[in-house]
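Side-chain atoms are counted along with the backbone in the values below, which use heavy atoms only and exclude waters and symmetry mates.
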Amino acid sequence: MFPLRRALLSLEDELLKQRLCRTREIEGLGYLPYGRRFDYTHTIPEILAQFGAKTAEELGPAAGNAPRVRVAGRVMTKRPMGKAGFAHLQQDGERLQVYVKKDAVGDRGFQLFQALDNGDIVGVEGYLFRTRTGELSVHVEQLEFLSKMLLSLPEKWHGLEDVETRYRQRYLDLIANPEVRKVFVARAGLIGSLRRQLEARGFIEVETPMMQPLYGGAAAKPFVTHHNTLDIDLYLRIAPELYLKRLLVGGLERVYEINRNFRNEGLSKQHNPEFTMLEFYQAYTDYRGLMDSSAELLRQAAIDVTGGTEVEYEGQRLDFAHIERYSMREAIVHFWEGPERPTLENVADPDWLLEHSAKASAGEALADLFERMVEHQLIQPAMIYDHPVETSPLSKNKPEDPAFVERFEIIAAGMEIGNAYTELNDPQEQRRRFEMQLALRERGDEEAHQMDEDYIRALSYGMPPAGGEGIGIDRLTMILTGSRTIRDVILFPLLRPEGPLDLVEKLRELGAGGREPGAGD
RNA sequence: GGGCCGGUAGCUCAGUAGGUAGAGCAUAUGCCUUUUAAGCAUAGGGUCGCGGGUUCGAGUCCCGCCCGGCUCACCA
């Protein structure tokens, strides 16, 4: 019986088969196809930095004092020419050319060079020189094999363009598209900058539960999971806020956490279900104090990541050295989009507000108008302060106007990138706010805050007056790196799972020396 | 979830009016000891996202589905 299968190998199978043969060939030459430790003298970027400006004369005569180096990298291009050849090795997003000549590496070394495929990882030892065309290169005297690429590299000229593949196989994106690496290096730089600045101000980094029995600190739908031994449902946190403020009660007066939040909501250019937030809490300050300190935090972060305070984003220059401040009412009047620009009297008039929004209360209507008519107009970084109490269940009231709270949001490029307020520390008032939220919940608002009695208990032990702030790391990274979508600043953004790949089966078949178990004859 | 757009060789892309599926890169073989999108010659490589329908004939037209992108809704 002949099992049904395609008569010919597909191209992909053929490439895989060829490369598995190559693996045996490399073994036959006495090299490990998956090598071991390789001590290099320089990384490729180090070589380029150190010797990139040196002339051929400065590098020295070939056999003489030319700098000797050991470097490793992935073969990105290979140009064999008879009994010699060139290749570019890539490491840390940068490339260095190597020149491999049969006379210099010997028969076995040159056979290995001939067996190299694009994508393989090798180590070389030799001396630096400049080619006839002037390119800094390693004249290889010893070649070592470090790792085999069995599949094939994306096209050398266009790189990897397919967005879906870029996200699903980010490693390929990182190999093929050097600018992608820069984005993630910048992201790490942003987080480093924020940590350094906070540490310098006496903040300590803490970690609070990601799995919580009650979810709070934001208005969002949660993910639910289950702990078997305790047999309880837990929520992946939508925010760390209520835990961080418990730490204020405990006397950790300056704390911060940089970690993931999870919100079970839609995906968009600005939303990924898991996203990274910096939250920090500082005892004895208030939202005015935070406005000043976060202006400095952002200014310095922009400098640390981009080298300056002005950032180009989607054709606009954003200036992080001058962050304007508007009250929410002022912002609505100032940035109103469309006809019939309201006056400050209008936006202070509950009747006018309720006429212009479908929301149930004047405060919610104000916030609704701000989001609908104004937020996306705020391109330059801005702080919008004095939010209505209805939408801010954890913020402290303004003493002169209890319908408003001491809160501000940081908006840039039309996106909310931060949210901060003077923390409500009165347990009685907090209880009333939770009760307001419960009333909303009973009216069907799934995202209204839950009653968190343990949090009320913590406040009842006395929380110092404090200010707290959250900054969306992903969105800030977008702005500082010019990324149009949040998926471009998250290494592995959420996608629907793809179907079976069949790779394991192919490897099983080809791994058995190309024989197909059950193929019969 | 709605609307619009897309999925063709490993990669980047063409594919006219419905008439035997193409290019470049990559791969294989040969030549080539300073090339660089190396070059020259030759060759192989396709479930046209999946399934159904219309038709003598479908990559192309129709229907359903899968995956992705944009957008709207949602996301205080």
Return the value, rounded to whole Å, for the distance between atom CD of Glu447(A) and atom P of A73(B).
16 Å
Qualifying residue for side chain to side chain donor-acceptor pair (under 3.5 Å) with Lys396(A), from Thr422(A), Asn425(A), Asp286(A):
Asn425(A)
Side chain of Gln97(A) - closest among C11(B), U35(B), G69(B)
U35(B)
The side-chain hydrogen bond (donor to acceptor under 3.5 Å, both in side chains) partners of Asp452(A) (sequence neighbours excluded) come to Arg246(A)
Rounded to the nearest 0.5 Å, what's the gap from CE on Met76(A) to CG on Leu153(A)? Could you check?
4.5 Å
Pairwise distance CZ(Arg22(A)) to CG(Leu116(A)) - rounded to 0.5 angstrom:
8.5 Å
Nearest-nucleotide pick for Tyr99(A), side chain only, options being C67(B), U35(B), U34(B):
U34(B)
Pick the nucleotide of RNA chain B nearest each of Ala218(A) and Asp162(A); which residue has the one closer to the 5' end?
Asp162(A)
Reckon Arg496(A) touches a base, only the sugar-phosphate, or nothing at all at heavy-atom distances under 4.0 Å?
sugar-phosphate
Is Arg108(A) close enough and on-axis enough to Tyr31(A), meaning under 6.0 Å and within 45°, for cation-pi?
yes
Nearest of U33(B), U12(B), A76(B) to any side-chain atom of Asp103(A)?
U33(B)
May I ask you to verify whether the side chain of Arg132(A) and the base of U34(B) hold a donor-acceptor pair under 3.5 Å?
no
Does Glu135(A) reach a base, just sugar-phosphate, or nothing at all? Heavy atoms under 4.0 Å.
base
Starting at atom CG of Leu267(A), determine the distance to atom C1' of C72(B), rounded to an integer number of angstrom.
15 Å
Without swapping roles, check the side chain of Ser483(A) against the backbone of Ile479(A) for a donor-acceptor pair under 3.5 Å.
no
Kindly point out which of G10(B), U34(B), C13(B) is positioned nearest to the side chain of Phe86(A)?
U34(B)
Starting at atom OH of Tyr385(A), determine the distance to atom P of A76(B), rounded to an integer number of angstrom.
24 Å
Taking N or O atoms only and anything under 3.5 Å, show me the protein contacts with nucleotides 28-32 of chain B, one pair per line.
{"residue": "A28(B)", "atom": "OP1", "partner": "Arg22(A)", "partner atom": "NH2", "Å": "2.4"}
{"residue": "C32(B)", "atom": "N3", "partner": "Gly82(A)", "partner atom": "N", "Å": "3.1"}
{"residue": "C32(B)", "atom": "N4", "partner": "Gly82(A)", "partner atom": "N", "Å": "3.4"}

For C70(B) versus C65(B), give the span between their P atoms, rounded off to a whole number of Å.
22 Å
Each nucleotide N or O in nucleotides 21-25 of chain B that has a protein N or O under 3.5 Å away: list the pair and distance.
{"residue": "C25(B)", "atom": "O3'", "partner": "Lys156(A)", "partner atom": "NZ", "Å": "3.3"}
{"residue": "C25(B)", "atom": "O2'", "partner": "Glu155(A)", "partner atom": "OE2", "Å": "3.4"}

Look at all strands and tell whether Ala367(A) reaches a base, only sugar-phosphate, or nothing, counting heavy atoms closer than 4.0 Å.
nothing
Does OP1 or OP2 of A76(B) have a side-chain N or O of Lys359(A) closer than 4.0 Å?
no
Between G69(B) and C13(B), how far apart are the P atoms? Round to whole Å, please.
16 Å
Identify the nucleotide, in any strand shown, that forms a Watson-Crick or G-U wobble pair with A9(B), with both distances under 3.5 Å; if there is none, say none.
none
Mind checking who A41(B) pairs with, Watson-Crick or G-U wobble, both distances under 3.5 Å?
U29(B)
Which part of the nucleic acid, if any, lies within contact of Leu495(A), taking any heavy atom under 4.0 Å across all strands shown: a base, the sugar-phosphate backbone alone, or nothing?
sugar-phosphate
Would you say Arg432(A) has more than 12 foreign heavy atoms packed within less than 6.0 Å of its CZ?
yes
If you define the side chain from C-beta out and look only at heavy atoms, does anything of Val105(A) sit under 4.5 Å from Gln142(A)?
no
Please report, rounded to the nearest Å, how far the P atom of A76(B) is from the OH atom of Tyr421(A).
12 Å
Could Lys78(A) and Phe113(A) be counted as a cation-pi pair, given that NZ or CZ must be under 6.0 Å from the ring centre and within 45° of the axis?
yes
Of all the nucleotides listed (C67(B), U12(B), G10(B)), which has the minimum atom distance to the side chain of Leu160(A)?
U12(B)
From NZ of Lys17(A) over to P of G45(B), roughly how many Å is that when rounded to an integer?
14 Å
Which part of the nucleic acid does His387(A) contact within heavy-atom distance under 4.0 Å: base, sugar-phosphate only, or nothing?
nothing
Need to verify one output field. Residue with the more 5' nearest nucleotide on RNA chain B, Ser392(A) or Lys269(A)?
Lys269(A)
Among C13(B), G10(B), G68(B), the nucleotide that comes nearest once only the side chain of Glu161(A) is considered:
C13(B)
Do Arg68(A) side-chain atoms and Leu128(A) backbone N/O form a donor-acceptor pair below 3.5 Å?
no
Look at all strands and tell whether Arg487(A) reaches a base, only sugar-phosphate, or nothing, counting heavy atoms closer than 4.0 Å.
sugar-phosphate
Check every strand shown and say whether Glu498(A) touches a base, only sugar-phosphate, or nothing at a heavy-atom separation below 4.0 Å.
nothing
Applying a 4.0 Å non-hydrogen cut-off, can you work out what Gly159(A) is touching in the nucleic acid: base, sugar-phosphate, or nothing?
sugar-phosphate
Plane angle bin for Phe129(A) and His139(A) - parallel if under 30°, tilted between 30 and 60°, otherwise perpendicular
perpendicular
Rounded distance in Å - CG (Leu16(A)) to C1' (A9(B)):
16 Å
Short side-chain N/O contact from Arg484(A) to OP1 or OP2 of C70(B), under 4.0 Å:
no
Got a salt bridge between Glu447(A) and Arg441(A), using NZ or NE/NH1/NH2 to carboxylate O under 4.0 Å?
no
Can you check the distance between C48(B) and U8(B), where both ends of the measurement are the P atom (answer in whole Å)?
11 Å
Now, which nucleotide makes the Watson-Crick or G-U wobble pair with G19(B), with each of the two distances under 3.5 Å?
C56(B)
Pick base, sugar-phosphate or nothing for Arg95(A), based on heavy-atom distances below 4.0 Å to the nucleic acid.
nothing
